[in-house]
Novice: 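Below is a structure I'd like to ask you about.
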Amino acid sequence: AQSVTQLGSHVSVSEGALVLLRCNYSSSVPPYLFWYVQYPNQGLQLLLKYTSAATLVKGINGFEAEFKKSETSFHLTKPSAHMSDAAEYFCAVSDLDKLIFGTGTRLQVFP
Amino acid sequence: EADIYQTPRYLVIGTGKKITLECSQTMGHDKMYWYQQDPGMELHLIHYSYGVNSTEKGDLSSESTVSRIRTEHFPLTLESARPSHTSQYLCASSVGTVSVSTDTQYFGPGTRLTVL
């Protein structure tokens, strides 16, 4: 069965610093991978998804993620954090007819 | 922006009560889902539907039931609420043409349920 592991339940960065949120997946077949963001008291919103096209995927709000098959990773990055990026981020992998979500990483951004 | 709505947003109710959590979407999506979300835990799929009159159980066993009589509406019902049902419930929908697992899912804002 497919699974995802998000390393670090909490990540703190200063405004303007690099954001790196880690996600490793386990999949027996070429995976489809997703990053979702959840702002307080809201549902999840898609940031980006990988569907076996380009390995570097650009998403909304300046985020991007790189699919690395050799490392089974799909880490999310943003060059310069903004206060509005503070939220919970979920990585997900497809598994037949459903998505399997990670436990989430809470990003804090300090001024 | 996705148009998917959940009511109520917050619900505090006593043990043994019957409750229905509402979910509606105006996008005409065929596929709809219910997830349960607890703090620090992954989202667990509890129910999903491919279309009208289609319902399937997800990975997480749940005492709740769902129905899909209309495309836009996917309510979740608990016949007798218990404290163990306290959680956040998220509804989602997707259109997709290939398979459910590659679809972009659009989420509602969630219902936070507390059972006393």
Novice: Tell me, side chain or backbone of B:Gln6 under 4.5 Å from chain A's heavy atoms, or both, or neither?
Specialist: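 Looking at B:Gln6, nothing touches chain A.
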Novice: Is there a path of hydrophobic side-chain contacts, each under 4.5 Å between heavy atoms, that joins A:Ile60 and A:Tyr50?
Specialist: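 Same hydrophobic cluster.
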Novice: Please flag which part of A:Leu33 lies under 4.5 Å from any non-hydrogen atom of chain B: side chain, backbone, both or neither.
Specialist: neither
Novice: Side chain, backbone, both or neither: which part of A:Leu46 has a non-hydrogen atom closer than 4.5 Å to chain B?
Specialist: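 Just the side chain, heavy atoms under 4.5 Å.
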Novice: Identify whether A:Leu18 and A:Trp35 are in the same connected component of the hydrophobic contact network (ILVMFWY, side-chain heavy atoms under 4.5 Å).
Specialist: no
Novice: Checking B:Arg112 side chain against A:Asn41 main chain: does a donor-acceptor pair fall under 3.5 Å?
Specialist: no
Novice: Does B:Met41 form a side-chain contact (heavy atoms from CB on, under 4.5 Å) with A:Thr103? I'd like the steps, not just the answer.
Specialist: CA-CA 5 Å; B:Met41 305 287 287; A:Thr103 53; 5.5 Å; no
Novice: Answer yes if A:Leu47 and A:Leu56 sit in the same cluster of Ile, Leu, Val, Met, Phe, Trp and Tyr residues linked by side chain heavy atoms under 4.5 Å apart, and no otherwise.
Specialist: no
Novice: Is there a chain of hydrophobic side chains (I, L, V, M, F, W, Y, each step under 4.5 Å between heavy atoms) that links B:Ile69 to B:Met27?
Specialist: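 No, separate clusters.
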Novice: Going from CD on B:Glu42 to SG on A:Cys91, what distance comes out if it is rounded to the nearest 0.5 angstrom?
Specialist: 12.0 Å
Novice: So, A:Tyr36 side chain and B:Gln105 main chain: donor-acceptor pair closer than 3.5 Å or not?
Specialist: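 Here the side-chain-to-backbone pair exists.
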Novice: Same hydrophobic cluster for A:Leu7 and A:Leu76, using side-chain heavy-atom links shorter than 4.5 Å among ILVMFWY?
Specialist: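 No, A:Leu7 and A:Leu76 fall in different hydrophobic clusters.
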Novice: Rounded to the nearest 0.5 Å, what separates atom CG in A:Leu99 from atom CG in B:Leu45?
Specialist: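 Reported value, rounded in 0.5 Å steps: 8.5 Å.
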Novice: Is it the case that the side chains of A:Gln38 and B:Gln37 hold a donor-acceptor pair, with the cut-off being a distance below 3.5 Å and no angle test?
Specialist: yes
